[in-house]
Amino acid sequence: MKSKINIAAIIVFYAIAALFRFLAVKTELPSIIDNEYLKILIRGVGPAVAALVVFVFFKIPNTISLKGSYKDIFVPFAVYWILPAVLISLVYYFQNGSFPIILMFTVLLYGLLEEIGWRGFLQEHLSPLPKIYSILIIAVLWFIWHLNFEMSLQNLVFFGIIVAGTWGIGKVYDKTHSLFAVAGVHSLNNFFRNGLHQTELILIVILLAIWIGFLIRYDSYKKYQDIQ
């Protein structure tokens, strides 16, 4: 029997996540921080803090895991973190002469902070609902959380990306239950915030193909192991 949805927990989670986001992007508080990498991270810390608060305050079982269904934590870390960080940094090096590996892992950590909330808490907590309702609720809340309220075509496209991302990242989470995995997929969008050109699109296609292939192969491997 599936557990009931705690509406109060969702409200508290979202209030905390939105408050942290507002302080990070709509106030001058981040200006007191000199480190640019920390400035990136505080923009995404809200969902993680909010999830941890509701886990404790509402005594909700904490099922979040970095390795998820993988037996070895290094597997999702290597496939979903090291691979994109090194690949994108190498391409950037040949294009610009610098190797931004620290920035790449900062972006991945940012994605992890968000995913602790969106998948680790909210998707898990909404699992009793039909999947389409869960996807739409998460997508709308996630979109509003970004605090981009300008009525523009760009924002409409962004909402479409959020809906697609909620579905796609949700599928990865259902398959792996690994926060390393979903944070890596989540970060694919954040890696290319400055725009998509041919090289970036090729990188996205390559990484998605590798990840989808890996998911299929690993799923087959798990089923084979279960039979043995």
Measure the shortest side-chain to side-chain distance between [X] and [Y] over non-hydrogen atoms and say whether it is less than 4.5 angstrom.
X	Y	result
Leu208	Ile204	yes
Asp72	Lys67	no
Pro76	Thr176	no
Ile144	Tyr14	yes
Leu126	Ile10	yes
Ile162	Ile138	no
Ile42	Leu23	no
Glu200	Phe191	no

If you measure from [atom1] on [X] to [atom2] on [Y], what distance do you get to the nearest 0.5 Å?
X	Y	atom1	atom2	value
Asn35	Thr106	CG	OG1	8.0 Å
Leu203	Leu207	CG	CG	6.5 Å
Ile169	Asn189	CD1	CG	8.5 Å
Asn190	Met104	CG	CE	10.5 Å
Glu150	Leu153	CD	CG	11.0 Å
Leu109	Ser187	CG	OG	9.0 Å

Minimum heavy-atom distance [X]-[Y], with the two atoms named:
X	Y	answer
Val172	Ala181	CG1-CB, 4.0 Å
Asn148	Asn155	O-ND2, 3.1 Å
Ala183	Gly111	CB-C, 3.9 Å
Pro84	Trp211	CG-CZ2, 3.9 Å
Thr63	Tyr173	OG1-OH, 4.4 Å
Ser98	Tyr92	OG-CE2, 3.1 Å

> Given the rule in the side chain to side chain contact (heavy atoms under 4.5 Å, CB included) test, do Trp167 and Val163 qualify, once you have shown the distances and angles that lead to the verdict?
Replying inline: CA-CA 6 Å; Trp167 172 81; Val163 174; 5.9 Å; no

> In terms of side-chain heavy atoms, does Asp174 have a donor or acceptor partner in Gln123 at a distance below 3.5 Å?
Replying inline: yes

>> Going by salt bridge (charged side-chain N to carboxylate O under 4.0 Å, His left out), name the residues that satisfy it together with Glu28, two or more places apart in sequence or in a different chain.
In response: none

>> Once salt bridge (charged side-chain N to carboxylate O under 4.0 Å, His left out) is applied, do any residues pair with Lys39, and if so which ones, sequence neighbours excluded?
In response: Glu36

> Taking the side chain from Ser178 and the backbone from Leu66, do they hold a donor-acceptor pair closer than 3.5 Å?
Replying inline: yes

>> Between Arg43 (side chain only) and Arg21 (backbone N and O only), is there a donor and an acceptor less than 3.5 Å apart?
In response: no

>> Over 60° means perpendicular and under 30° means parallel, so tell me whether Phe158 and His146 are parallel, tilted or perpendicular.
In response: perpendicular

[X] atom [atom1], over 12 foreign heavy atoms within 6.0 Å:
X	atom1	answer
Leu19	CG	yes
Tyr133	OH	no
Gln95	CD	yes
Phe20	CZ	no
Phe57	CZ	no
Phe94	CZ	no

Linking I/L/V/M/F/W/Y whenever their side-chain heavy atoms sit closer than 4.5 Å, directly or via other members, would [X] and [Y] fall into one cluster?
X	Y	answer
Val205	Leu87	no
Val12	Val56	no
Ile135	Leu122	no
Val157	Met151	no
Phe105	Ile102	yes

> Given the rule in the side chain to side chain contact (heavy atoms under 4.5 Å, CB included) test, do Ile40 and Leu103 qualify, once you have shown the distances and angles that lead to the verdict?
Replying inline: CA-CA 9 Å; Ile40 293 173; Leu103 176 60; 3.8 Å; yes

> Please, which pairs that meet side chain to side chain donor-acceptor pair (under 3.5 Å) have at least one residue in residues 113-122, sequence neighbours excluded?
Replying inline: Tyr110-Glu114, Glu114-Trp118, Glu114-Trp142, Glu115-Arg119, Glu115-His186

>> Using side chain to side chain contact (heavy atoms under 4.5 Å, CB included), reason through Ile116 and Val49 one step at a time and then give a plain yes or no.
In response: CA-CA 9 Å; Ile116 289 172; Val49 173; over 6 Å; no

>> Is there a side chain to side chain contact (heavy atoms under 4.5 Å, CB included) between Leu52 and Phe121? Walk through the geometry before answering.
In response: CA-CA 9 Å; Leu52 297 177; Phe121 165 68; over 6 Å; no

> Taking the six-membered ring for Trp, are the ring centroids of Tyr70 and His177 within less than 6.0 Å of each other?
Replying inline: no

>> Less than 6.0 angstrom separating the ring centers of Tyr80 and Phe180, yes or no?
In response: no

